[in-house]
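Data block below; observations after.
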Amino acid sequence: MGEGDDSLKSKRVVFVTVGTTCFDSLVRAVDTQEVKEALFKKGYTHVLIQMGRGTYIPTKSAGDDGSISVDYFTFSSSIAEFLKSASLVISHAGSGSIFETLRLRKPLIVVVNEDLMDNHQSELAEELAERKHLFCARPQTLYETISAMDLDSLVAYQPGDATPVAEFINRFLGFRDE
Amino acid sequence: MDYRNSYFFSEFGFLNVGISLMIGTFTLAMIRMFYVVYRRSKPLYSKPPGPRSTLIVLGSGGHTAEMLNLLAVMQMDRFKPRYYVAAATDNMSLQKARVLEDSLLEKADVEVVGTSQFMQIYRSREVGQSYVTSIGTTIIALAHALWLMIKMRPQVILCNGPGTCIPLCVIAFFFKAFGIRWSSIFYVESIARVKRLSLSGLLLYKLRMADQLFVQWPQLKSKYPRASYVGRLM
């Protein structure tokens, strides 16, 4: 999962995404001094935050004073490019961004939004964390998760397969497979 | 006295016939309902396989991604014409379905892959909406869904939640009960559901409306034995 680290100044980006939701407590948690320092200590040089409909504006930083650089934007039609260029992804618990990130085999921290009314999203994140495909955190535990995380402990995710369902439907409807 | 008596009896008789008729109709309706529930989940072997008109309900976000992922491995020449329905508040899903349909047309002719139509529908419940206000919005959604279903009358329904698919499935069930159109309803529970079914999944499971309800985690299969465990789709 490492990039070509040929120069000392190699760029290691942390991409933070909240999807189409409003998840200020995550953006706020990333913007705290302790989280930014923990990321910098781990060797990351840039934080890029996709903040969605949130109202909390993180503090921009060029990062030339020996700290991590911080930038943000609200939406993008496709986050695929940002995911591809990231060295670490911190995401909300939506299944879309989770699987998109896992398929790209990027280290992932999923942060569960506890303010959602129907909070089923933690189920998926916790199950995948148990299987060591990602790390699962809450906004208030993000710092601990980053400090304690060991990327080598992660297990690559094997993408699932939809053909059993398609075959089941075919058989049910009486379509015979050639 | 006699006159009054006979009048009383004739009125009584009329009432009697009325009540008998009502009970009879009700019984027949119930028998038909039970037949539909029983016949559901039985494969349609009797009919020779021909292409089936198919309704695909796109649920937005991760739901749409999962549905398109399933469609990508299905033999689309067996499921035509295809009707895509998405929530009126969801602009992305139908666009993604169009991309899929365009890619099909690049590979084969319309005669092979069939035509497709794209429609929007009012949602019965938005994410985060309270269960109380969702009663009113459900009624509106039902009326609109009925209109669309009369136009489409699909033979196969593919859905994976959230609430968008419920009015359509309920109407499809009544179409079956009234003999308007027999359809097979397939519900694939989202991969995000590991321990409990979603509200939509639970409704279709408990009311026995889905012909097949697929789950992607073994924990769900052990909790809901009538579901079919098919492993992860994503």
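Lettering of chains follows the sequences in order, A, B, ..., and the numbering in each one begins at 1. The figures that follow rest on heavy atoms only: side chains count, while hydrogens, waters and symmetry mates do not.
For the pair Arg52(B) and Phe175(A), the cation sits on the ring face: its NZ or CZ lies under 6.0 Å from the ring centre, inside 45° of the axis.
Between Ser95(A) and Gly62(B), the shortest heavy-atom distance links the atoms OG-CA, 3.7 Å. The minimum heavy-atom distance between Ala162(A) and Asn69(B), with the atom names listed, is CB-O, 4.0 Å. Closest heavy-atom contact between Gln158(A) and Arg232(B): O-NH1, 3.0 Å. A pairwise comparison of heavy atoms in Tyr157(A) and Met234(B) identifies OH-O, 2.8 Å as the closest pair.
Residue Ala65(B) does not touch chain A at all, counting heavy-atom pairs closer than 4.5 Å. For Glu126(A), the part lying under 4.5 angstrom from a heavy atom of chain B is the side chain only. Using a 4.5 Å cut-off between heavy atoms, Leu158(B) touches chain A through its side chain atoms alone. The contact between Ser228(B) and chain A is made entirely by side chain atoms (from C-beta outward), counting heavy-atom distances below 4.5 Å. Of the two parts of Leu128(A), only the side chain, counted from C-beta on, holds a non-hydrogen atom closer than 4.5 Å to a non-hydrogen atom of chain B.
The environment of CZ in Arg153(B) is sparse: at most 12 heavy-atom neighbours from other residues, nucleotides or ligands sit within 6.0 Å. Heavy atoms from other residues, nucleotides or ligands lying under 6.0 Å from OH of Tyr56(A) number more than 12. Annotation: Phe34(B), atom CZ; neighbour count of heavy atoms from other residues, nucleotides and ligands within 6.0 Å does not exceed 12.
Ser184(B) contributes atom OG, which lies 9.5 Å from atom CD1 of Ile169(A) (distance to the nearest 0.5 angstrom). To the nearest 0.5 Å, atoms OG1 (Thr163(A)) and CG (Leu70(B)) are separated by 9.5 Å. Going from atom CE of Met74(B) over to atom CG of Asn170(A) covers 6.5 Å, rounded to the nearest 0.5 Å. Taken to the nearest 0.5 Å, the CG atom of Leu124(A) stands 9.5 Å off from the CD atom of Gln216(B). The distance from the CD atom of Gln75(B) to the CD atom of Glu167(A) is 8.5 Å, given to the nearest 0.5 Å. In this structure, the separation between CD on Glu127(A) and NZ on Lys195(B) is 7.0 Å, given to the nearest 0.5 Å.
When the heavy atoms of residues 217-226 of chain B are compared with those of chain A, the residues falling under 4.5 Å are Trp217(B), Gln219(B), listed by number.
Contact annotation: the side chain of Phe172(A) approaches that of Phe186(B) to within less than 4.5 Å [non-hydrogen atoms, C-beta and beyond].
Ranked by non-hydrogen atom pairs under 4.5 Å with chain B, the options Ala166(A), Gly94(A), Gly96(A) are led by Ala166(A). Contact count versus chain A (heavy atoms, under 4.5 Å) is highest, among Ile191(B), Asp211(B), Val230(B), for Ile191(B).
Of the possible polar contacts, none joining the Arg193(B) side chain to the Glu123(A) backbone as a donor-acceptor pair under 3.5 Å is found.
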ask   = Can you list the steps and then say if Leu233(B) with Val165(A) is a side chain to side chain contact (heavy atoms under 4.5 Å, CB included)?
value = CA-CA 8 Å; Leu233(B) 269 68; Val165(A) 177; 3.7 Å; yes

